[in-house]
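A quick write-up on the structure given underneath.
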Amino acid sequence: MKKIILRLDLNVPIDRKQNKILETERIDVVMGEIKNLSVKNNLIILSHLGKGEKQDSLALVEKYIRSKLTKQENSKITILENTRWQKGEAAKEGGKDFVATSKYFAEMGDEYIDDAFASMHRAHASIVGIPKIFKNEGKKIALGDLVKLEIKNLNKSLALANNKKNQTILILSGAKISTKLPLIEKFLKKDAKVVVGGGIANQILKDILGLKIGASFIEKSFILKPKLKIYLKKEIEKGNLILPIDAILQNKKVESLENLKAKDIISDIGPASLALLKNKMKNSKNIIINGPLGIYEKGFVEGTLVLLKEIKKSKANILIGGGDTLVLTKKLKMKSEKNIFISTGGGAMLDFLVNDGKLPGILAIK
Ligand code: 3PG
């Protein structure tokens with residue numbers, strides 16, 4: 001019987017105090033594939049969890065998966081511990097440790113399937129090292145069903161964004177502006193409207209518009225290049241780069257962004273900004289959203305929920321991504337269907353959009 005190495009992204013949020021998986025979606029979407037492949041094969045399942053620290057064991061994930069499988073299916077699968085516990089997993093590609101870890105994994109199977117879409121932007125041993133060895137040895141390598149579905153839907157959003165008539169809106173939020181700037185620039189150049197929230201918006205409000213943002217989060221070490229600053233300022237003036245105009249503060253009060261005091265912390269998008277956004281979305285045929293607009297960890301999810309409810313009613317093509325946003329879509333019982341696709345990727349989805357699908361994990365299989 002064939003031994004298939006199946007790389008999945010089982011990186012789910014876990015509450016270590018309660019010993020509980022908080023969100024199982026990333027596991028649930030690959031259960032069908034695990035079941036199908038285990039009919040005729042033995043499976044060696046690989047995944048990372050968290051940053052690969054001591055507490056990041058996959059034991060709970062394994063327990064959950066096994067609880068969904070029959071005795072027969074269970075006898076066919078082996079789930080390896082966190083790939084990031086191996087020294088070379090995230091080491092320099094091609095280096096001694098990387099090669100040793102790639103070999104260690106590769107020796108476990110005869111065929112390799114990568115279905116870890118959310119990890120395809122990482123050039124790690126279990127993502128690019130194994131397929132490289134298998135290619136040299138003439139062994140079969142392939143993309144899994146989930147990755148194929150993600151590629152199809154993300155390409156659809158990209159293709160729609162390439163046609164100005166679709167009035168694409170990219171709604172981008174998150175803590176760090178540095179990782180999101182390439183995507184912001186890319187979509188502005190496609191004539192899309194780019195709406196920013198969270199730390200990204202804070203930084204632009206402060207560094208480009210010179211507003212006082214109180215004690216709100218920014219990426220302190222980040223310096224915006226002068227040329228880019230001028231470009232982004234022009235895009236704000238033209239109405240292409242859209243910023244919030246009001247906010248919910250840490251004390252839950254609504255405040256205009258012109259009036260912030262030194263201790264104020266922008267914690268969620270305000271009602272006037274949401275109304276503005278709703279209006280912009282009316283004529284759009286292509287909407288992409290990644291990252292919640294408020295401080296998710298502190299429970300400021302209301303603004304994003306209101307936005308998602310609005311998006312749910314829209315007839316536009318919708319692409320939603322990012323781990324926290326995924327949890328919110330589940331709260332609203334939103335599913336991938338007809339015009340809506342909910343990606344399992346966070347960083348991988350963004351990198352896919354920036355690099356037109358050329359992610360290390362995808363290129364490794366080609
Ligand atoms: C994710 O959650 O985005 C993926 O599992 C990748 O995780 P990473 O950002 O730790 O590489």
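Sequential numbering from 1 along the given sequence is applied to the chain's residues. In what follows, every heavy atom counts, from backbone to side chain, and hydrogens, waters and symmetry copies are set aside. Remember, it's 1-based here, ligands and their atoms both numbered in the order they're listed.
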*asked:* Are Met349 and Val196 linked, directly or through intermediate hydrophobic residues, by side-chain heavy-atom contacts shorter than 4.5 Å (ILVMFWY only)?
replied: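 Val196 clusters together with Met349.
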*Ile171 and Phe187: same hydrophobic cluster, using ILVMFWY side-chain contacts below 4.5 Å?*
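Ile171 and Phe187: separate clusters.
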*N or O contact, His121 vs ligand 1, cut-off under 3.5 Å*: no
_Tell me the protein heavy atom at minimum distance from atom 7 (O) of ligand 1, and give that distance in Å._
His48 NE2, 3.4 Å
*asked:* Just to confirm my output: which protein heavy-atom neighbour is closest to atom 9 (O) of ligand 1, and how far is it?
replied: Arg122 NH2, 2.9 Å
Show which atoms of ligand 1 fall inside a sub-4.0 Å distance from at least one heavy-atom site of [X].
X: Asn11; result: 1 (C), 2 (O), 4 (C), 5 (O), 7 (O)
X: Asp9; result: 4 (C), 5 (O)
X: Lys51; result: 8 (P), 9 (O), 10 (O)

_Residues Val128, Glu93; criterion side-chain contact (heavy atoms from CB on, under 4.5 Å); working and verdict_ = CA-CA 8 Å; Val128 299; Glu93 192 182 346; 3.8 Å; yes
*What do the steps show when you test Ile5 against Phe134 for side-chain contact (heavy atoms from CB on, under 4.5 Å), and what is the final call?*
CA-CA 11 Å; Ile5 300 177; Phe134 274 25; 4.0 Å; yes
_So for Ala118, does at least one of its heavy atoms come nearer than 4.0 angstrom to any atom of ligand 1?_
yes
*Run down the list Met349, Arg84, Arg26 and name the one with the heavy atom closest to atom 3 (O) of ligand 1.*
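Answer by nearest heavy atom: Arg26.
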*Yes or no on side-chain contact (heavy atoms from CB on, under 4.5 Å) for Asp356 and Asn155, after CA distance, side-chain angles and deciding distance?*
CA-CA 8 Å; Asp356 292 314; Asn155 275 336; over 6 Å; no
*Given side-chain contact (heavy atoms from CB on, under 4.5 Å), test Leu43 with Lys76 step by step and report yes or no.*
CA-CA 6 Å; Leu43 299 184; Lys76 302 280 202 56; 5.9 Å; no
